[in-house]
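Below: one structure, written as structure tokens.
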Amino acid sequence: MTSEGTGCALVVCNTVADAQATARHLRQAWTGAHRPLVQLLHARMPARQRDAITRRLEHWAGKPRPAHTTPTGHDTRARGQRPPRPAIVVATQVVEQSLDVDFDHVISDLAPIALLLQRAGRCHRHDRPERPHWAPAPAMTILIPTCQLPPRNWGTVYSENLLTRTRDALATLPAGVCNIPEDVQHLVGTVYTADWATDTGMNDITTEQAMRTIADQATIPTPTRPFRDLHHLTTIDDEDLLVTRLGADSIRILPVWTSPDGTPHLDRSATHAPLPTTINPNDTTTIRNLMARTIQIDHRWLTGRGPETDTPTGWAGIGGLRDGLLLPQPVTPDGTPRPYRIGRKCLHLSRVDGLVRE
């Protein structure tokens, strides 16, 4: 890629931490004016940052479309135009759906076969007049761990059974090549056929059935009257039911930067207007602005938090904000932001990497 100076590749990681580490390594691997552009995308970014990156990716890798002027006189930007330098996009599962983007080559962590096929669909997705010489045909490279599946740092994002069966099914492909669509039905059938013969297979089946049963119990009721606030519809009495069984163990945080006197701000220098302590429920502009800055994280990351993470009491009537928490990042008198420390970990919002936990 670098010798030819063209092309756009995608690297899909199974965890945010791996994606962040991969992007940092790639940024450091090359030097000089023609080093590749490295763009990171994952779910642990504020919505407005993700939206900006998504627009950038659509410009780089969307369906090719020249700039033109609409009948109303509005000028639209060209899409799908490769950058003047080679580009590498490092992403998590967020790139599997919704984004209509196209890459010259895809590299992916091992995942269940259905998801690998989704990721493969991001390679040579659109017709392009020119492809780099190193990517004449669509291809995806799958990185298969040599250790036990799943690796410890992946956690429980995918089951051992599905990863193992996917790895074994891929091993049966002649020369390691999957022909699409000819091989798809066989691969999917091999991996997802109910497995009653092994403990891991039985565990997957039992877990799925339990989740279906509990999901039925937590079904959102049909509203019987107009609602301004969906909180009552989406909240159930037994919250532990969702947290322990359906994986709804996340919480929404709002990163803020605190001045030396402890006042929270939305700007990194903590010098602009302070965070509003009260919000008018009809002030949709302010509410949308704050929601666009929030991030969902594992609620356990803030175990042992202090009162400085509590949202203002004046937000109690604002759905979506009242149940969240603040992530304060102290700003020193010389203007240097510091991460929020909790236990042995620290959290900070990077302009490039999103929310980083170290």
Side-chain angles (χ1 to χ4, degrees), residues 1 4 6-15 18-19 22 39 41-43 54 57-65 79-82 86-146 149-151 154 157-195 201 204 208:
M1 176 188 290
E4 187 174 315
T6 62
C8 192
L10 171 67
V11 180
V12 187
C13 300
N14 285 342
T15 69
D18 282 351
T22 300
Q39 178 62 66
L41 176 65
H42 56 75
T54 297
L57 295 188
E58 289 175 342
H59 179 63
W60 287 358
K63 186 174 183 179
R65 184 188 67 188
R79 291 182 56 183
Q81 292 187 339
R82 293 288 191 248
I88 304 174
V89 176
V90 182
T92 56
Q93 295 88 337
V94 296
V95 79
E96 291 170 2
Q97 301 174 354
S98 301
L99 290 179
D100 185 14
V101 287
D102 156 68
F103 297 90
D104 300 312
H105 189 78
V106 176
I107 300 172
S108 172
D109 278 341
L110 179 67
I113 190 64
L115 301 183
L116 290 180
L117 292 170
Q118 286 272 17
R119 298 174 187 183
R122 299 296 179 263
C123 187
H124 288 226
R125 182 181 180 89
H126 300 301
D127 292 331
R128 291 187 178 276
E130 294 182 3
R131 291 279 180 187
H133 295 305
W134 52 266
M140 180 170 73
T141 301
I142 301 173
L143 307 178
I144 300 179
T146 56
L149 296 176
W154 287 6
V157 61
Y158 301 127
S159 77
E160 174 189 351
N161 186 46
L162 287 180
L163 290 176
T164 301
R165 297 182 72 166
T166 297
R167 179 197 62 192
D168 295 344
L170 293 174
T172 66
L173 295 173
V177 176
C178 175
N179 296 301
I180 298 177
E182 293 84 356
D183 295 333
V184 170
Q185 184 174 352
H186 169 72
L187 288 172
V188 172
T190 300
V191 173
Y192 292 100
T193 298
D195 179 12
D204 280 356
E208 181 179 354

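Hydrogens, waters and symmetry mates play no part in the numbers below; they use all other heavy atoms, side chains included.
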What is the minimum heavy-atom distance between S108 and M140, and which atoms define it?
CB-SD, 4.1 Å
Between C13 and V90, which heavy-atom pair has the shortest distance, and what is it?
SG-CG1, 4.2 Å
I'd like to know whether H126 forms a side-chain contact (heavy atoms from CB on, under 4.5 Å) with D100, so could you lay out the CA-CA distance, the side-chain angles of the two residues, the decisive distance to 0.1 Å, and finally the verdict.
CA-CA 9 Å; H126 300 301; D100 185 14; 2.8 Å; yes
Please test T172 against T190 for side-chain contact (heavy atoms from CB on, under 4.5 Å), starting from the C-alpha separation and ending with a verdict.
CA-CA 11 Å; T172 66; T190 300; over 6 Å; no
If you count every heavy atom of other residues, nucleotides or ligands that lies below 6.0 Å from D127 atom CG, does the total exceed 12?
no
About how many Å separate SG of C178 and NE2 of H186, when rounded to the nearest 0.5 Å?
10.0 Å
Please tell me if the side chains of I113 and L170 come closer than 4.5 Å, counting only heavy atoms from C-beta onward.
yes
I would like to know whether L57 and T54 meet side-chain contact (heavy atoms from CB on, under 4.5 Å); could you show each step before the answer?
CA-CA 5 Å; L57 295 188; T54 297; 5.7 Å; no
Locate the shortest heavy-atom distance separating A111 from Y158; write the atom from each residue and the value.
CB-CE1, 3.8 Å
If you define the side chain from C-beta out and look only at heavy atoms, does anything of L110 sit under 4.5 Å from L149?
yes
For G62 and R128, the nearest pair of non-hydrogen atoms, with its separation, is O-NH2, 3.0 Å
Judged by atom type as modelled, is there a donor-acceptor pair below 3.5 Å linking the side chain of D104 to the main-chain atoms of R131?
no
Intermediate values then yes/no, side-chain contact (heavy atoms from CB on, under 4.5 Å), V95 and V89:
CA-CA 10 Å; V95 79; V89 176; 5.6 Å; no
Look at atom CD of E130 and say whether more than 12 heavy atoms of other residues, nucleotides or ligands are closer to it than 6.0 Å.
no
R122 side chain to E96 main-chain N or O, any donor-acceptor pair under 3.5 Å?
yes
In plain terms, say whether K63 and D102 are close enough for a salt bridge, that is, a side-chain N and a carboxylate O under 4.0 Å apart.
no
T141 side chain vs I107 backbone, donor-acceptor pair below 3.5 Å
no
With no hydrogens and no angle check, is any side-chain donor or acceptor of H105 less than 3.5 Å from a backbone partner on A139?
yes
Is it true that a side-chain atom of R165 and a backbone atom of T193 form a donor plus acceptor pair closer than 3.5 Å?
yes
Under the 3.5 angstrom rule, does the side chain of Q93 hit a backbone N or O of N14 as a donor-acceptor pair?
yes
